[in-house]
2 protein chains.
Amino acid sequence: MAQDNDNSQAASLRDGSVTLQDIAAHAGVSRSTVSLVLRESPLVAERTREKVQASIKALGYVYNRGAAALRGSRTQTLGVVVYDIANPFFGAMVAGIDAVLNRQNYVSFLTNSEDSPARQQRFLERMREHRVDAILLCPAEGTEPQLIETLQEWRLPCVQVLRHVGQPPFDYAGTDFEQGVRQAVNHLVALGHRHIAFLGGQAEHSATRARWQGYFAAMADHGLEQTRCLRTALTRQAGFDAILALMDEPTPPTAVICHNDLMAFGAMLGLKRLGLRPGIDCAVIGTDDVEETALSDPALTSVATHPHAIGEEAARLALRRIANPDGAREQVVLSPRLQVRESCGAHRPSTHSRHAKPLVTQD
Amino acid sequence: MAQDNDNSQAASLRDGSVTLQDIAAHAGVSRSTVSLVLRESPLVAERTREKVQASIKALGYVYNRGAAALRGSRTQTLGVVVYDIANPFFGAMVAGIDAVLNRQNYVSFLTNSEDSPARQQRFLERMREHRVDAILLCPAEGTEPQLIETLQEWRLPCVQVLRHVGQPPFDYAGTDFEQGVRQAVNHLVALGHRHIAFLGGQAEHSATRARWQGYFAAMADHGLEQTRCLRTALTRQAGFDAILALMDEPTPPTAVICHNDLMAFGAMLGLKRLGLRPGIDCAVIGTDDVEETALSDPALTSVATHPHAIGEEAARLALRRIANPDGAREQVVLSPRLQVRESCGAHRPSTHSRHAKPLVTQD
DNA sequence: ACCTAGATTTAGACCCATCCAAAAAATCTC
DNA sequence: GAGATTTTTTGGATGGGTCTAAATCTAGGT
């Protein structure tokens, strides 16, 4: 119907699929040459390049990455598997990943394992079928260590993020949770606390172990033998329940450190429920330093783990691994920083003026 | 090196790429037949199917979706473009999308436009190159309406989510924000408020317009002429600033409704900063009902917009559109529900026992 | 035993780019 | 200006599936 004039619409209306062949014909060169132009090869003469580029624009050509991937070796895609995308922490992390990938023309598949190894397994298989160039994996709780070997057999590069399973060497990006908890303990001890409990974590994965290690080691360093570590789920509800149980014990702690901020929020609500004032009757410290920490009452002191930065590092690591599949494995471990607010009792929660400060958001 | 025995490792070690051809040879059938088996075609005889499946398992075959997509018409992938993945609201929405897609063996690319139309444009082009079957788009603020037409010219099905631009008919999944704000106004009026302000929104997109409309219409319905609508950004900081400005006016409102929960949190902090008690000196209602609403002090009353459900609906809509590209466009508009807590003054915030109730999280 | 409708299977073109080796064109050297 | 280089360009094979139309096989009917 449409006349075959040479504006871009004509082509796109015809079928929507202009191929290299069409460009080649239009520009009077071969398919191979067009391919070289597309990939910005320096082999092509300047005049030819311009001519071809003009044809590309004129015909409204769209590169077919799928076809390219079939012959070439890269798909320019990555698989990201997290276990709780609804958690703001992961939101920030994914944003970090995204930011790095886009600069490299990469796109990522995102899937949410909900901490189910079975779902995680399905996702990984699907990613494999899609021939992603690499995987960013936050292993679901209960992930078998040999999963990492399996991925290796699949020749699918994998960067573990936040948690890790299996034996080194592997690629990993995360935070030094042990050090983070140590900082929290040190801070509380400096404030005079002697009886400090740790809340949360149950499965045997690295991120949990590291926290526990930091807790016990720091307590030992200070000669404090009265340790109390509750294994629980990682939800707000779990924090709430745990603090109730803890306060009901013969010698309740004067401070608690929580596996993550959600639990800490729950713990603070639990304290209030008991008529206790977080930060005064019992200090509370969380982990992650999500944006909402400034919102709670009192504002939550938290070990900042910089999710956006972790995401960036993980993505960079993956890109490096793709470029050099056999290079030495790397572990990027960022240092956490204790973000002191009110819930640890360092500040008086009587005035609300402190709230105003950490308000700035990054958008 | 490895003997060519028939266990699965042999094949995967050889090269990692077993093809249909290999399966066909091993099973003594043709490539076509294997392809039919893979796609669960009813044409294949039961005995043949079993034989082929055995070979598939024996050789450790991995389906190559890229190759399939090249000849076939579906890639089994979807593109999701959001504007703020770090916002918990989107986390929940993405989880909803993911849940539906996985059941259909679909995987989705996720990109974060950060509300930049330019970035958004780049993402869409990249998705097109990857030949996604459809796009789920939460349009960035400032998106040109003709973008939707462009996508149509590209023959790329697009479901708009939460916000929409351009002229109907289009596919859309979201919430009836107008009704949500109406509910909030009605509730406040029932509590005796006469002077109610609305905070937030600046760009001209559907989600903002709908809220404003709801606000003005509901106020008019009650014969309240003293309206006040502040155009601001949508951040916590903006809420904080806005409430300060508002309270400084000659006749400050006794209640404010906020464009989203983040702003409402900011507004509550602002009130505290002024020495005012949210829920008593000034009622505050947010929108979205993110999980953190239960955390604030007082707990935030909010218009629940069910992000997980919206995500599910959007994904379902996209799958329907893929199956039937020329069917009638659909608009799925969920009904919001006012989730009453303390910040609107309906309950006494004196006791903290209320906090315990809405604690349950869904993980 | 012969014919036919229906059930299975298959060959071979096709999708669209990349890769390689070799051809063609341009430039240089003496 | 012939031969040696260097720079550009190209044909044709290739990757791993799907599709269509035609071939082959089966069981049922007479």
Side-chain angles (χ1 to χ4, degrees), chain A residues 11 14-53 55-56 59-77 105 128-133 155, chain B residues 11-12 14-53 55-56 59-77 105 128-131 133 155:
Chain A
R14 209 188 300 130
D15 188 12
S17 65
V18 178
T19 75
L20 277 201
Q21 194 63 264
D22 300 327
I23 305 290
H26 187 274
V29 296
S30 75
R31 210 170 59 259
S32 308
T33 303
V34 180
S35 177
L36 291 174
V37 170
L38 280 174
R39 285 175 291 152
E40 303 184 334
S41 160
L43 290 179
V44 184
E46 189 54 37
R47 286 179 51 86
T48 314
R49 180 195 315 287
E50 282 165 14
K51 201 169 47 178
V52 171
Q53 244 141 17
S55 296
I56 288 174
L59 298 183
Y61 170 74
V62 179
Y63 188 64
N64 185 329
R65 285 210 137 79
L70 183 55
R71 192 65 172 80
S73 50
R74 300 278 114 89
T75 55
Q76 310 256 76
T77 60
N105 260 288
R128 179 149 90 127
E129 293 179 351
H130 279 289
R131 298 290 198 268
V132 294
D133 292 341
R155 294 166 167 278
Chain B
S12 63
R14 209 189 299 131
D15 190 11
S17 64
V18 179
T19 75
L20 276 199
Q21 194 62 265
D22 300 327
I23 304 291
H26 187 274
V29 296
S30 75
R31 209 168 66 258
S32 309
T33 303
V34 180
S35 177
L36 291 174
V37 170
L38 281 173
R39 286 175 289 151
E40 304 184 333
S41 160
L43 289 179
V44 185
E46 189 53 38
R47 286 177 52 85
T48 314
R49 179 194 316 286
E50 282 165 14
K51 202 169 47 177
V52 170
Q53 243 141 17
S55 296
I56 287 174
L59 298 184
Y61 170 74
V62 180
Y63 188 62
N64 186 330
R65 286 209 135 79
L70 185 55
R71 188 58 166 83
S73 50
R74 301 277 111 93
T75 56
Q76 309 255 77
T77 61
N105 261 288
R128 189 184 184 208
E129 292 180 351
H130 280 290
R131 299 290 198 268
D133 292 341
R155 297 168 165 273

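Proteins get letters first, then strands, A, B, ... in listed order; numbering begins at 1 in each.
Look at CG on B/Leu43: it is 15 Å from C1' on D/dT24, rounded to the nearest Å. Rounded to a whole Å, the CD1 atom of A/Ile23 is 15 Å from the P atom of D/dT10. If you measure from atom CD of B/Glu46 to atom P of D/dT26, you get 17 Å, rounded to the nearest angstrom. Between B/Gln76 atom CD and D/dG17 atom P there is a gap of 15 Å when expressed in whole angstrom units.
The side-chain contact (heavy atoms from CB on, under 4.5 Å) test applied to A/Leu70 returns B/Asn64, B/Ala67, B/Leu70, not counting sequence neighbours. Every residue was checked against the side chain to side chain donor-acceptor pair (under 3.5 Å) condition with A/Ser32, not counting sequence neighbours, and none meets it. For A/Ser55, the side-chain contact (heavy atoms from CB on, under 4.5 Å) partners two or more places apart in sequence, or in a different chain, are A/Ile23, A/His26, A/Ala27. Under the side-chain contact (heavy atoms from CB on, under 4.5 Å) criterion, B/Ala68 pairs with B/Tyr63, sequence neighbours left out.
The CG atom of A/Leu20 lies 7.5 Å from the CZ atom of A/Arg31; values are rounded to the nearest 0.5 Å. Of the inter-residue distances, the one linking B/His130 atom NE2 with B/Thr77 atom OG1 reads 9.0 Å to the nearest 0.5 angstrom. Atom OG of residue A/Ser17 and atom CZ of residue B/Arg155 lie 9.5 Å apart, to the nearest 0.5 angstrom.
Among the protein residues, B/Thr19 comes within range of the sugar-phosphate backbone only, with heavy atoms under 4.0 Å from sugar or phosphate atoms but none that close to a base.
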Under 3.5 Å, which donor-acceptor pairs link side chains of residues 38-46 of chain B to any protein atom two or more places apart or in another chain?
{"from": "B/Arg39", "atom 1": "NE", "to": "B/Ser35", "atom 2": "O", "distance (Å)": "3.4"}
{"from": "B/Arg39", "atom 1": "NE", "to": "B/Ser35", "atom 2": "OG", "distance (Å)": "3.3"}
{"from": "B/Arg39", "atom 1": "NH2", "to": "B/Ser35", "atom 2": "OG", "distance (Å)": "2.8"}
{"from": "B/Ser41", "atom 1": "OG", "to": "B/Leu43", "atom 2": "N", "distance (Å)": "3.0"}

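Annotation: the terminal axes of the helix from C/dA1-D/dT30 to C/dC30-D/dG1 meet at 50°, where each axis is the rotation carrying the C1' atoms of four end pairs onto the next four (5 pairs per end, rounded to 10°).
Bracketed by its first and final contacts, the part of DNA chain C lying under 4.0 Å from non-hydrogen atoms of chain B reaches from C/dT8 to C/dC16 in 5' to 3' order.
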Check your understanding: What string of B, S and - do you get for nucleotides 18-23 of chain D 5' to 3' if you count protein non-hydrogen atoms under 4.0 Å?
Key -> BB----
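A donor-acceptor contact shorter than 3.5 Å links the side chain of A/Thr75 to the backbone of A/Arg131.
Closest approach of B/Asp133 to B/Gln76, counting heavy atoms only: OD2-N, 2.9 Å. What you find for B/Val18 and B/Asp22 is that their closest heavy atoms are CA-OD2, 3.4 Å.
Of the two residues near DNA chain C, B/Arg49 and B/Leu70, the one whose nearest nucleotide lies more 5' is B/Arg49.
Of the side-chain N and O atoms in A/Ser30, one or more sit less than 4.0 angstrom from OP1 or OP2 of D/dT10.
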